[in-house]
Visitor: 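Please read through the structure below; I'll follow up with questions.
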Amino acid sequence: MAPDRADSPSAPEPQDAQDAQGAQDARDAQGAQDARDAQGAQDARDAQGAQDARGGLRQRRGFSLAVYLTSATLVRSASGGAPVALVSLTLARPGHGSAALGGVLAALLTLPNVAGPWLARWLEQARDPRIRLAAAFVVFGLMLAGAGLTLGRVPVVLVGLLVIVGGLCGPLMTGGLSSRLALIVGQDTRAQRRAEGWDSATYGSSNILGPAAVAAITVLSGALTAVVALGAAGVVAGLLMLALPKEHRTAAARQRSMPVRDALGMIARRGPLRRVMIATMITSVSTGGVMVIAVVLGRNLQGSAGAGAALGAAYGVGNFCGALLTGAFPLTGEPERWVLRLIAANAVAVGLCALAPGYVLALVTFALAGATSAVLFTASLAVRSVYSPPNARAQVFVTMAGLKMAAGSAGTALAGTLVGIGPRLALCLNAVVVASAVTIALTDLRLTRRRSSAADPEDLSSPAK
């Protein structure tokens, strides 16, 4: 008898096996999709986190730059107004040397700039340079206020010593401070050029704000209050420096700071630095005398000294606007090439000042000369930043700034002599002097390229034309 089919074990039906496999495949596919979704979500969170980090870094750098610019404006305004304040104070205290003593004190304030390279190396050897910058700003403010408070109460020699100690801080308030700017804004070239434009604006604005503040405070409260107020600005600027990010320089990095003699030799050997240093020194001979010539030309055109002062003010306003322009629209490309082009533009602008037929056009041309001078200064800061070695950065900034200031002082003295031959002729000579700076720089570059087979590679590092 055949066995009953209902009682025998049966194998799974093929359709059931297929359904089970399909369900498993669906579960696997869903699991893979869930894993991909989870990974995508994680990637999105990582991307958002990176974006937030970049945004936070930009905010911190923006805040640090704002603090830097505020501190720079305060301390440079105090420095720019100090000579005017000291002269005003001595004039307000007859019997203490009057204007002659004021002139001596103002000279003592700038005399210590010759120690700039050594002060710059002292800055580079710091574990945290911002601390030394802060200390220098505070010392400047205290010495300036102390000189004002002790004038007429202690021997003049002691007042002069206070002024000299304050003047020793001068190189750190200019080139020393500017040398730290790239560390604040980061490695992005465009951000550095933009920040250098704003930094240049602090120089231009300070030369206006400092003397203007002295004039206003002197009228309202007296010259002594003006001196003390400038000192207080220096102290506040120093305290603001402490809000900048810390710099942690290792002992090895501090020990690698280049000796002053080696740094000066490096500037002389490195082509772009050498050429820009010489060219800007020559140009500064012209710019140093512009204010003196402007006073005489304005008086000749309008018959009043106030008209001459207005020409000087137009130059200052143009200078400030030019610096702001480079902050809003940063320079791009090779900075040495920009320097040579801008020197040529400045020569043209100074020549136009000499040719201006009337007072209104003279105002325009002096403003144009000021604007080209400001953009030129910004480009020179870029050259220092690009070609300075890390172990001599502050020394390069301070040395080039000091030589430029010395040339400007010589130009001021020379203008006082040349203006006797007529302001227009003096301006023409200034334009020729500025143009010669371009010729000298291009000649240097051509000679360097001819000696390329034997020259130091550093000398060939710029493609300026």
Visitor: Which heavy-atom pair separates Ser200 from Ala374 by the least distance, and what is that distance?
Guide: OG-O, 3.6 Å
Visitor: So Tyr387 and Val276, do their side chains get closer than 4.5 Å, heavy atoms only?
Guide: no
Visitor: Between atom CG of Leu376 and atom CD1 of Ile343, what is the distance when rounded to the nearest 0.5 Å?
Guide: 5.0 Å
Visitor: Test your reading of the model: is there a side-chain donor-acceptor pair from Ser205 to the backbone of Ala201, 3.5 Å cut-off?
Guide: yes
Visitor: State, yes or no, whether a side-chain contact exists between Ser71 and Phe137 at a heavy-atom distance under 4.5 Å.
Guide: yes
Visitor: If you look at every heavy atom in Ala294 and Gly312, which pair is closest and at what distance?
Guide: CB-N, 3.9 Å
Visitor: Do the non-hydrogen side-chain atoms of Arg449 and Leu445 ever get within less than 4.5 Å of each other?
Guide: yes
Visitor: Consider side chain to side chain contact (heavy atoms under 4.5 Å, CB included). Of Gln192, Arg194, Arg193, which one does Arg190 pass it with?
Guide: Arg194
Visitor: Kindly determine whether Leu368 and Val364 satisfy side chain to side chain contact (heavy atoms under 4.5 Å, CB included), including the steps that lead there.
Guide: CA-CA 6 Å; Leu368 179 61; Val364 174; 5.6 Å; no
Visitor: Go through the steps to decide whether Leu311 and Met291 satisfy the test side chain to side chain contact (heavy atoms under 4.5 Å, CB included), and finish with yes or no.
Guide: CA-CA 8 Å; Leu311 283 184; Met291 293 297 185; over 6 Å; no
Visitor: Please confirm whether the backbone N or O of Val87 pairs with a side-chain atom of Thr90, one donor and one acceptor, at under 3.5 Å?
Guide: yes
Visitor: Should Glu196 and Thr326 count as side-chain neighbours, where that means a heavy-atom distance under 4.5 Å?
Guide: no
Visitor: Distance from Arg274 atom CZ to Glu336 atom CD, nearest 0.5 Å?
Guide: 9.5 Å
Visitor: For the residue pair Ala195 and Leu65, what are the closest heavy atoms and their distance?
Guide: CB-CD1, 4.1 Å
Visitor: Is any side-chain heavy atom of Ser388 closer than 4.5 Å to one of Arg270?
Guide: no
Visitor: What's the verdict on side chain to side chain contact (heavy atoms under 4.5 Å, CB included) for Phe320 and Asn207, showing C-alpha distance, side-chain angles and the deciding distance?
Guide: CA-CA 9 Å; Phe320 180 61; Asn207 289 332; over 6 Å; no
Visitor: Measuring from Leu177:CG to Met241:CE, what's the distance to the nearest 0.5 Å?
Guide: 5.5 Å
Visitor: In Å and rounded to the nearest 0.5 Å, what is the CZ to OG1 distance from Arg384 to Thr280?
Guide: 7.0 Å
Visitor: Which heavy-atom pair separates Leu240 from Val67 by the least distance, and what is that distance?
Guide: O-CG1, 3.3 Å
Visitor: Using the test side chain to side chain contact (heavy atoms under 4.5 Å, CB included), find all partners of Pro211 that sit at least two apart in sequence or belong to another chain.
Guide: Val84
Visitor: Nearest 0.5 angstrom please: Ser409 OG to Leu414 CG, how far?
Guide: 12.5 Å
Visitor: Could you check whether Ser373 and Asn346, counting side-chain N and O atoms only, form a donor-acceptor pair closer than 3.5 Å?
Guide: no
Visitor: For Phe377, which residues count as a ring-ring contact (aromatic ring centres under 6.0 Å, His included) partner, sequence neighbours excluded?
Guide: Tyr203
Visitor: Check whether Ser385 reaches the backbone of Ala382 with its side chain - one donor and one acceptor, N or O, closer than 3.5 Å.
Guide: no
Visitor: Between Asp444 and Arg275, is there a salt bridge with N-O shorter than 4.0 Å?
Guide: yes
Visitor: Side chain of Trp338, backbone of Thr332: donor and acceptor closer than 3.5 Å?
Guide: yes
Visitor: Let me confirm one number: the CE-CD1 distance from Met258 to Ile267, rounded to the nearest 0.5 Å.
Guide: 9.0 Å
Visitor: Distance only, no hydrogens: is a donor on one side chain within 3.5 Å (strictly under) of an acceptor on the other, for Ser179 and Arg393?
Guide: no
Visitor: Which heavy atom of Tyr68 sits nearest a heavy atom of Ser178, and at what distance?
Guide: OH-CA, 3.3 Å
Visitor: Any side-chain heavy-atom pair from Ile164 and Met143 closer than 4.5 angstrom?
Guide: no
Visitor: Considering all heavy atoms of both residues, which atom of Gly148 and which atom of Leu89 are nearest to each other, and what is their separation?
Guide: CA-CD2, 3.6 Å
Visitor: With a 4.5 Å heavy-atom cut-off, do Phe140 and Val235 have their side chains touching?
Guide: no
Visitor: Can you give the donor-acceptor pairs under 3.5 Å from side chains of residues 107-118 to other protein atoms, not counting sequence neighbours?
Guide:
residue, atom, partner, partner atom, Å
Thr110, OG1, Ala107, O, 3.1
Asn113, ND2, Thr110, O, 2.8

Visitor: Quick one: are Leu144 and Leu86 in side-chain contact, heavy atoms under 4.5 Å?
Guide: yes
Visitor: Between Arg76 and Asp199, does any side-chain N to carboxylate O distance fall below 4.0 Å?
Guide: yes
Visitor: Give the C-alpha distance, both sets of side-chain angles, the deciding distance and a yes or no for side chain to side chain contact (heavy atoms under 4.5 Å, CB included) between Thr174 and Val398.
Guide: CA-CA 7 Å; Thr174 53; Val398 170; 5.9 Å; no
